[in-house]
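Letters go in sequence order (proteins before strands), and every chain restarts at 1.
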Amino acid sequence: MSNTFSLILLVLLGAGFAMAFIRLVIARTAGDRAVALDGATLISVDLMVLMAFLMGRSMLLDVVLVYALLSFLGVLAIARYLEGGL
Amino acid sequence: MNPDFLLGIASVAGVSMIIAAVRAIFVRDLLSAIILVGFVSLTASVLFFLMDAPDVAITEASIGAGISTVIFLWGRSKVREE
Amino acid sequence: MRTFIAFLLALYLVFFAAAAFESFGEPQGLGRIAEHYAAEGFEEVGAINLVTAVVVTYRGLDTLGEVSVLFTAASAVILLLSVFPLGKPANKPSSIVLLTMKVLPGPILLFGGYIIAHGHLTPGGGFPGGAVVASAALLVLLGCTQEVGFAKWLTFAESMAGFSFAMLGFWGLLKLGQFLNNSVLFLGIPGQLLSAGIIPLISAAIGVKVASELSGILVAYRCGGGKE
Amino acid sequence: MSLSLVLLLSSMGLLLTGLVGIMAKKHLLRIALAFTLASTGVNILLVWTGYLAGRKAPIIDASIEEIATVAVVDPVPQALVLTSIVIGVAVSALLVVVAVLTSRELGTADVRRMRNLKW
């Protein structure tokens, strides 16, 4: 039961990651790329939670916490650059 | 635990990392190249997580998400081109 | 054409690396040193996280050298930017950046402190925690348009951290005849917060040092070197 | 295709891409970006040398039942890479500063147009 559940989650998350990645590669402007980077970051946070579940170590969730807290900073810096303040 | 799942995640992350790196080298706009390098750092963090190196994954995430991006954005705004 | 030639050259170099790894063969188990660390490290050092144990005690002297390399790079950046100052932005940040700058540095700072303090129990330690704390400083610097208050404390914090790291090493040398010996403090019960000898102290020193150096680089970027 | 081979190929590909960028590009900031890519590839390669498939992260807590020697991956390359990443970002900061100051001095960031370098 757990295997099927994980497989469904993996396929859904992989599809979302692939779509964000395609948008990242063929984007027209840099703002598009920044939004696609944010989406890919969110989906990879979910992917890392799933990996910690598959490996069976709750200790690895610290990494995901750091990533979710700090990945916001890159997009914020890009926004600050686009408004001319860096 | 099914090891095929981890193989799938590694394949997706590795292939997208290499495509993004090649695009970052050959894209015309420098700001897009900086964003793509940020994405490469993100997937590298996922790969470190996959290789059972959580300490390295934390370091790569905290460095690559904020500080490295800001350094290159600062350089992009201060460099003088005619 | 130039790209193709560069590709061939790079392929040649990477082929060398691949050939070198081919001669190693697929690793079947831990190496001799790593086997000792995995088998004895739990009793010798008292730390659960083996990576922190290797960074801080077994390879602590190397870490001292690496921190010096980091210090050299950071001081080169600060020196260059104070000799050749560049202009700084006068642009007011928008309301989103301003609100984030007021709310988020506190939690990030707290989490960085957690990562440094629990370096021997969970993934983390001095280097990742220092990077997280520097990210909080980065968030403050993104929003400000004038001088920041903490900039003048960075040099003091950096030198005090380096000094205490070296002094903790010499304490072991004087008491037990070995640089950075971990048994100068009580080892405690592995798994508790106050255990593993001087590992939390050295983690704190490394964390303060890395955080102040990275923040020093960022402050120099924002304010043009300043008064060091 | 095994997991180990996929990881090795992706690190080698990233290293190759970074080296091509260092050699073929002419803008100074792009060279610094390619340097960052190559150093990330080298870091993944170094962690890969200590990776053993099917083992666990080197944190000995209650979820490791066997003796630690046969249950965890190699902690030594991870400890090396941990410092290498932090030093790498300081070095790339230095590279960016040198690139910016050079472009201010010579008026361009393109390597082909720097005529004042010959003396």
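- For a residue to count as touching a neighbouring chain, one of its non-hydrogen atoms must lie under 4.5 Å from one of that chain's; by this rule D/Val73 touches chain C with the backbone only.
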Check the pair C/Glu158 / C/Ser212 against side-chain hydrogen bond (donor to acceptor under 3.5 Å, both in side chains), numbers first and verdict last.
CA-CA 6 Å; C/Glu158 193 272 329; C/Ser212 57; 5.6 Å; no
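- Using a distance-only test at 3.5 Å, with no hydrogens or angles considered, a donor-acceptor pair links the side chain of C/Thr63 to the main chain of C/Val55.
- Annotation: maximal heavy-atom pairing with chain C below 4.5 Å, among D/Val97, D/Leu82, D/Val96, occurs at D/Val97.
- To the nearest 0.5 Å, atoms CD1 (D/Ile44) and OG1 (D/Thr40) are separated by 7.0 Å.
- Annotation: side-chain hydrogen bond (donor to acceptor under 3.5 Å, both in side chains) contacts involving residues 9-23 of chain D, sequence neighbours excluded, are absent.
- Both the backbone and the side chain of C/Val77 come within less than 4.5 Å of a heavy atom of chain D.
- In this structure, chain D has a heavy atom under 4.5 Å from the side chain of C/Val69, while its backbone stays farther away.
- For C/Ala211, the side-chain contact (heavy atoms from CB on, under 4.5 Å) partners two or more places apart in sequence, or in a different chain, are C/Val133.
- In this structure the side chain of C/Val67 reaches within 4.5 angstrom of the side chain of C/Phe127, judged on heavy atoms.
- Among residues at least two apart or in separate chains, ring-ring contact (aromatic ring centres under 6.0 Å, His included) pairs with a member in residues 57-82 of chain C are C/Tyr37-C/Tyr58.
- Contact of C/Ile217 with chain D is made through the side chain alone, with heavy-atom distances under 4.5 Å.
- The aromatic rings of C/Tyr12 and C/Phe16 sit perpendicular, their planes meeting at an angle over 60°, well past the 30° parallel limit.
- In this structure, the portion of C/Leu13 lying under 4.5 Å from any heavy atom of chain D is its side chain and not its backbone.
- Identified by a heavy-atom distance below 4.5 Å to chain C, the contributing residues of residues 21-39 of chain D are D/Met23, D/Ala24, D/Lys26, in residue-number order.
- For the pair C/Ile108/C/Pro105, no side-chain contact is recorded, criterion being any heavy-atom separation below 4.5 Å from C-beta on.
- Looking only at side-chain heavy atoms (C-beta outward), D/Leu46 and D/Leu80 stay at 4.5 Å or farther from each other.
- Judged by distance alone, the side chain of C/Asn49 and the main-chain N or O of C/Thr122 form a donor-acceptor pair under 3.5 Å.
- In this structure, the portion of C/Leu214 lying under 4.5 Å from any heavy atom of chain D is its side chain and not its backbone.
- The candidate from D/Val86, D/Thr83, D/Val91, D/Leu8 with the greatest count of non-hydrogen atom pairs under 4.5 Å with chain C is D/Thr83.
- Heavy atoms of C/Ala131 lying under 4.5 Å from chain D are absent altogether.
- Both the backbone and the side chain of D/Leu94 come within less than 4.5 Å of a heavy atom of chain C.
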